[in-house]
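Here's the structure we're looking at; comments come further down.
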Amino acid sequence: MDSILVRSNGPLKGQIPIAGAKNACLTLMPATLLSEEPLTLTNAPRLSDIRTMTQLLQSLGSEVTSLQEGRVLAMSSHGPVNTHADYDIVRKMRASNLVLGPLLAREGIAEVSLPGGCAIGARPMDIHTDGLAQMGAEIELRDGYLHAKAAGGRLKGAVIDFPFASVGATENIMMAATLAKGTTVINNAAREPEIVDLATCLRAMGAQIEGDGTSSITVQGVERMHGATHPVVTDRIELGTYMLAPAICGGEVELLGGRINLLAAFCEKLDAAGIAVSETERGLTVARKNGDIRAVDVTTEPFPGFPTDLQAQIMALLCTAEGTSVLEEKIFENRFMHAPELIRMGARIEVHGGTATVTGVDKLRGAPVMATDLRASVSLILAGLAAEGETKVSRVYHLDRGYEHVVAKLRGVGANIERIKDA
Ligand code: EPU
């Protein structure tokens, strides 16, 4: 298994290109199932999660070809489709559940393994299945699989009020509704940029969708969808992660492809902490304002609030801020696993339930630490960039799920980081 070695170094300078969004690409790929014609995604990120989704779609009978070193995904689902999404693939990645809506819409039937919980929380699928049931699906859990069947062979439109603005449920229902009979309204829908990106792609495929980006989305079902080519939206979480590198180390870095509107709540917190963010022609530049980093309080919320996927990374910054920061995690019940690792590096953090209190220390010290999930791993790398001595982050396979070329991107701006093979 590989590890990443990070050593403390001075200010960072240069540019980091930001890839297409993992979480957008993972929901755009299953949209291929909604049409017999080809769907091509450009600006795709090169990540192991994308390879897992490729494997899943191929197991369902779709053709998925990776072109231009993975930047372009050419997909086609013109032949017969297998409606069984197997546990062996689904268990590797929760986003596999995003084939449920498209399969049900296309074939009127689907058997999708229930993904199970993961390190950050239980992550049930009741909002997805309740919504599909309102659209006329009969859904039963048997042998660890969700067996879903549309009454009469086709889903029908419904007015669905979500109890929580779930990202995945909004995506599944939106895709299912494109081919349903009649109109579907999703109230309390998620508003993330990845939802808008999916709606844009579905419209290019012939879907009739309005209201994406607001909390009420209306989908008028159509008889068939056609092919399209769609560029994947910028990865706002990769963007926010790399924005923190110059904030932690000093210097000035330009994030190519970045836009403030993808991360307004995060940018406000950086501003309050003493970090200047400005838009350039090609993206965003980030540098410290004069003076120390100041403590800020953070509460994670659905978009447009502060993203849970950047909570671990901002904690790395706040570990050396002046004062005490309170971080409240409202989306997942177990998303502070990076805290004990940061404490091993000298951070002062107390966790009580969904609240972490971080009291800034002068300096972190390098230590061997363990990555526990995707965002936790990258927060340890960020912390290591400014820590005295050497930090060795093990279990970096978590990182490969969501960050392409993390070592090359950080080395490109002067970071002292390398990937090593453990003996
Ligand atoms: N929830 C339910 N029932 C459901 C669905 C969700 O109780 O039927 C709960 C979850 O257990 C969780 C909360 O609602 O506590 C939020 O879940 P949501 O459905 O919004 O999240 P998701 O679709 O499973 C996506 C991202 C996550 C990101 C969350 C929140 C993808 C592939 N994943 O997950 O990304 O944290 O939205 O923004 O889009 C990551 O990239 O590291 C990651 C975990």
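Note that the structure is predicted; figures quoted are calculated from it, not measured. One-based numbering, in listed order, for ligands and for the atoms of each.
Using a 4.0 Å cutoff on heavy atoms, M93 does not count as a contact of ligand 1. Residue contacts with ligand 1 do not include A122, since none of its heavy atoms lies under 4.0 Å from the ligand. A heavy-atom separation below 4.0 Å is not found between R94 and ligand 1.
Neither the backbone nor the side chain of F303 comes within 4.0 Å of ligand 1, counting heavy atoms alone. Looking at A95 against ligand 1, only its side chain comes within 4.0 Å, counting heavy atoms.
When the options E333, R375, R335 are ranked by their closest heavy atom to atom 44 (C) of ligand 1, first place goes to R335. When the heavy atoms of T308, I331, D309, T170 are ranked by distance to atom 12 (C) of ligand 1, first place goes to I331. Atom 37 (O) of ligand 1 has its nearest heavy-atom neighbour, among L310, T27, D49, V167, in V167. Closest heavy-atom approach to atom 4 (C) of ligand 1 within the set C25, A376, A119, P124: this belongs to P124.
Under a 3.5 Å cut-off, the side chain of Q311 and the backbone N or O of R335 do form a donor-acceptor pair. Using modelled atom types, one side-chain atom of S35 and one backbone atom of E37 make a donor-acceptor pair closer than 3.5 Å. In this structure, the side chain of R7 does not engage the main chain of A387 through any donor-acceptor pair within 3.5 Å. Remark: side-chain polar atoms of N82 are paired, donor with acceptor, to backbone N or O of S59 under 3.5 angstrom. Between the side chain of D161 and the backbone N or O of I186, no donor-acceptor pair lies under 3.5 Å.
By the neighbour-count criterion of 12 heavy atoms within 6.0 Å, atom CE of M93 is densely surrounded, having more than that number from other residues, nucleotides or ligands. Around atom NZ of K330, no more than 12 heavy atoms belonging to other residues, nucleotides or ligands sit under 6.0 Å away.
Nearest protein heavy-atom neighbour of atom 22 (P) of ligand 1: R123 NH2, 3.7 Å. Atom 3 (N) of ligand 1 has D126 OD1, 2.7 Å as its closest protein atom, hydrogens excluded (heavy atom only). Among all non-hydrogen protein atoms, the one lying nearest atom 8 (O) of ligand 1 is I127 N, 2.7 Å. In this structure, the protein non-hydrogen atom closest to atom 19 (O) of ligand 1 is S166 OG, 2.7 Å. The protein heavy-atom contact nearest to atom 26 (C) of ligand 1 is N23 ND2, 3.5 Å.
For S278, the side chain to side chain donor-acceptor pair (under 3.5 Å) partners are T285, not counting sequence neighbours. Scanning for side chain to side chain donor-acceptor pair (under 3.5 Å) contacts around E111 gives H84, with sequence neighbours left out.
The shortest side-chain heavy-atom distance between E238 and Y403 falls under the 4.5 Å cut-off. Considering only heavy atoms from C-beta on, L239 stays 4.5 Å or farther from D235 through its side chain.
Under the salt bridge (charged side-chain N to carboxylate O under 4.0 Å, His left out) rule, D400 has a single partner from R419, R395, K22, which is R419.
For ligand 1, the atoms closer than 4.0 angstrom to any heavy atom of L374 are 42 (O). Shown in contact with G168 at under 4.0 Å from a heavy atom are these atoms of ligand 1, numbered in order with element: 19 (O), 23 (O). Close approach to K22 involves these atoms of ligand 1, each under 4.0 Å from a residue heavy atom: 40 (C), 41 (O). Close approach of ligand 1 to F164 (heavy-atom distance below 4.0 Å) involves ligand atoms 13 (C), 14 (O), 16 (C).
Atom 40 (C) of ligand 1 lies below 4.0 Å from at least one non-hydrogen atom of the protein.
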